[in-house]
Number of protein chains: 2
Amino acid sequence: MTNESSETFLPKRDERLGLLIWFRLSRVYSHSLRETHQHLKKWGLSAAQFDMLAQIGAHDRLTQQQLADKLFVTKGNITQLISKLEEQGFAQREQEWKSKYVSLTEKGRTLFDDVVPVQEQFQASQYDALSRDEKKQLLRLLKKIQD
Amino acid sequence: MTNESSETFLPKRDERLGLLIWFRLSRVYSHSLRETHQHLKKWGLSAAQFDMLAQIGAHDRLTQQQLADKLFVTKGNITQLISKLEEQGFAQREQEWKSKYVSLTEKGRTLFDDVVPVQEQFQASQYDALSRDEKKQLLRLLKKIQD
DNA sequence: TGCTATCAGTTTAGACCTAAACTGATAGCA
DNA sequence: TGCTATCAGTTTAGGTCTAAACTGATAGCA
């Protein structure tokens, strides 16, 4: 919904503001995502794979459903992504009781240690234009939107 | 990159803040996108199609390249999306000189008038939790990130 | 005239993601 | 015991998007 067409409708001023936010937000987000993607190429990882790797590495013993909830994607998506990480030898699944627990293999842990700190540093650097106070401010506003 | 794993690394406080912003941003964005998608189902439109429709309707005489720049997607993507809108009879392409100009058909204009105001109102309402000043603040911060 | 640059758009392969239908196992309860 | 609910994960069809290679046309310039 990245559009600017609202001039046409002379909406109320607050509505206009909301639209501008949405527009800007999606630009910032997709730009950031593309940068991330580019940066991760060094390790042959996609953004989605990195997310998974980071999330699995940070918590040991996660079910696929928990993973889906943490990453805000569907469980179907998790099934697909995990399968790939498994193929590549980075992750493993263990059926236990009625769920499957996901964890990193030795090889996955090595990759994790290698890429996650660097990538997180890179990720965070995308907001370096903001001062510490501005970052806090932004975080506060984003949280407020979400509730 | 929606991860929270940075506790593991005890990063500098500012890096931590940047990560939290990224995490929150992607949550807000994808939540918003999903809501949008849901809302647009009433008209049988996807978010991407709506973006195109709104953008074409707001400017008459756009080339595909200009459209790609406005929507922050690749021109390949534009080719694909336009083809569908054309099939459905909402848009048309006219070769002129060395580019193709895209515009709405009569049917497309009707849909535009129908859906765009409602959808924009809906879109804007997703930030109603913020006061007018907070919206301005947020917009300012997002702009700053982008430069 | 002919070589080369560039530019708009198309094509293709592939990654990502969703919604919805499905499987199979567990649990509650009459 | 047997019916039904629910829940984790899988599968499938389809939409979205990208990067990169490609086509074809224009333009600059020796």
Using the test salt bridge (charged side-chain N to carboxylate O under 4.0 Å, His left out), find all partners of A:Arg61 that sit at least two apart in sequence or belong to another chain.
A:Glu96
Could you check whether B:Ile78 gets within reach of a base, just the sugar-phosphate, or nothing at all, counting any heavy atom under 4.0 Å?
nothing
Which sits closer to the 5' end of DNA chain C, A:Leu45 or B:Gln38, going by the nucleotide each is nearest to?
A:Leu45
Considering residues at least two apart in sequence or located in another chain, which fulfil the side-chain contact (heavy atoms from CB on, under 4.5 Å) criterion with A:Thr110?
none
Syn or anti for D:dA8, please, going by whether the chi angle lies within 90° of 0.
anti
5'-most by nearest nucleotide on DNA chain D - A:Lys41 or A:Gly76:
A:Gly76
My understanding is that only residues two or more places apart in sequence, or in another chain, count here; which of them pass salt bridge (charged side-chain N to carboxylate O under 4.0 Å, His left out) with B:Arg140?
A:Glu134
Can you name the residues that form a side-chain contact (heavy atoms from CB on, under 4.5 Å) with A:Ser30, not counting sequence neighbours?
none
When you check the phosphate oxygens OP1 and OP2 of D:dC17, does a side-chain N or O of B:Thr74 lie under 4.0 Å from one of them?
no
Residue pairs passing the salt bridge (charged side-chain N to carboxylate O under 4.0 Å, His left out) test with at least one member in residues 72-90 of chain B, sequence neighbours excluded, are B:Glu86-B:Arg93
State which residues pass side-chain contact (heavy atoms from CB on, under 4.5 Å) with B:His37; sequence neighbours excluded, sorted by chain then number.
B:Ser46, B:Ala47
So what does A:Lys75 hit on the nucleic acid, given a heavy-atom distance under 4.0 Å: a base, only sugar-phosphate, or nothing?
base
Might you confirm whether atom CD of B:Gln95 has over 12 heavy atoms from other residues, nucleotides or ligands at distances under 6.0 Å?
yes
Minimum side-chain heavy-atom gap B:Leu138-A:Leu138 below 4.5 Å:
yes
Could you spell out the base pairing of DNA chain C in dot-bracket, with Watson-Crick or G-U pairs whose two distances are under 3.5 Å, [ ] crossing and | to another strand?
||||.||||||||||||||||||||.||||
Output all residues satisfying side-chain contact (heavy atoms from CB on, under 4.5 Å) with A:Gln38, sequence neighbours left out; order by chain, then residue number.
A:Lys41
Under the ring-ring contact (aromatic ring centres under 6.0 Å, His included) rule, what pairs show up with a residue in residues 78-98 of chain A, not counting sequence neighbours?
none
Nearest whole Å is fine: how far is D:dG15 C1' from A:Asn77 CG?
14 Å
List in numerical order all residues of residues 82-90 of chain B for which some heavy atom is under 4.0 Å away from an atom belonging to DNA chain C.
none
Span of DNA chain C, from the first to the last nucleotide whose atoms fall under 4.0 Å of chain A heavy atoms
C:dC16 to C:dA27
Using a 90° cut-off around 0 for syn, call C:dA21 syn or anti.
anti
5' precedence on DNA chain D between B:Gln49 and A:Gln95 (nearest-nucleotide basis)
A:Gln95
Please enumerate all residues that pass side chain to side chain donor-acceptor pair (under 3.5 Å) together with A:Asp69, with sequence neighbours excluded.
A:Gln65
B:His37 NE2 to D:dG15 C1', straight-line distance once rounded to whole Å:
7 Å
